[in-house]
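All values reported here derive from a predicted model rather than from experimental measurement. By convention here, the first residue in the shown sequence is residue 1.
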Amino acid sequence: MSKTLTGFNVSFTVHSSEHLPEKNGEQMYADDVADEVRDVVQAAVNEWYEQRGRELLACEPDVG
């Protein structure tokens, strides 16, 4: 039985830093927004993997 490695991208456009709010008293930048989006997507993927993904995937997915 063969396995297939596959993936997809998530793209988004971040506001310029002067339009981003502060987070923990510090100015946010595009990289901060990307980290936050990545964390949210990883959490959703982890939840899906625990509920259904284990029966569909050969190993735990990684959000890069």
Side-chain angles (χ1 to χ4, degrees):
M1 173 188 247
S2 65
K3 297 176 179 118
T4 302
L5 176 63
T6 188
F8 61 91
N9 293 316
V10 175
S11 298
F12 51 91
T13 302
V14 179
H15 283 299
S16 59
S17 59
E18 57 265 7
H19 290 98
L20 294 176
E22 289 186 358
K23 184 175 182 180
N24 300 324
E26 294 187 22
Q27 177 62 48
M28 288 186 75
Y29 296 97
D31 288 345
D32 300 317
V33 176
D35 289 342
E36 189 171 319
V37 171
R38 186 178 299 109
D39 290 347
V40 168
V41 171
Q42 183 69 64
V45 168
N46 289 347
E47 183 178 336
W48 170 83
Y49 182 71
E50 291 301 319
Q51 293 176 4
R52 175 145 166 78
R54 288 184 183 276
E55 61 188 272
L56 302 174
L57 304 180
C59 60
E60 190 172 343
D62 178 46
V63 175

- Note: with side-chain heavy atoms under 4.5 Å as the link, the other cluster members for Leu57 come out as Trp48, Tyr49, Leu56

I'd like a table of donor-acceptor pairs (distance under 3.5 Å, sequence neighbours excluded) in which one partner is a side-chain atom from residues 36-45, with atom names and distances.
residue: Glu36; atom: OE1; partner: Lys23; partner atom: NZ; Å: 3.3
residue: Arg38; atom: NE; partner: Gly64; partner atom: O; Å: 3.1
residue: Arg38; atom: NH1; partner: Asp35; partner atom: OD1; Å: 2.9
residue: Gln42; atom: OE1; partner: Val63; partner atom: N; Å: 3.0
residue: Gln42; atom: NE2; partner: Asn46; partner atom: OD1; Å: 2.8

- For the residue pair Ser17 and Tyr29, what are the closest heavy atoms and their distance? CB-CD2, 3.8 Å

- Message: The criterion is side-chain contact (heavy atoms from CB on, under 4.5 Å); which residues satisfy it with Ser16, sequence neighbours excluded?
- Response: Glu18, His19

- Message: Filter on salt bridge (charged side-chain N to carboxylate O under 4.0 Å, His left out), then keep only pairs touching residues 54-64, sequence neighbours left out; what's left?
- Response: Glu50-Arg54, Arg52-Glu55

- side chain to side chain donor-acceptor pair (under 3.5 Å) against Gln27, all qualifying residues, sequence neighbours excluded: none

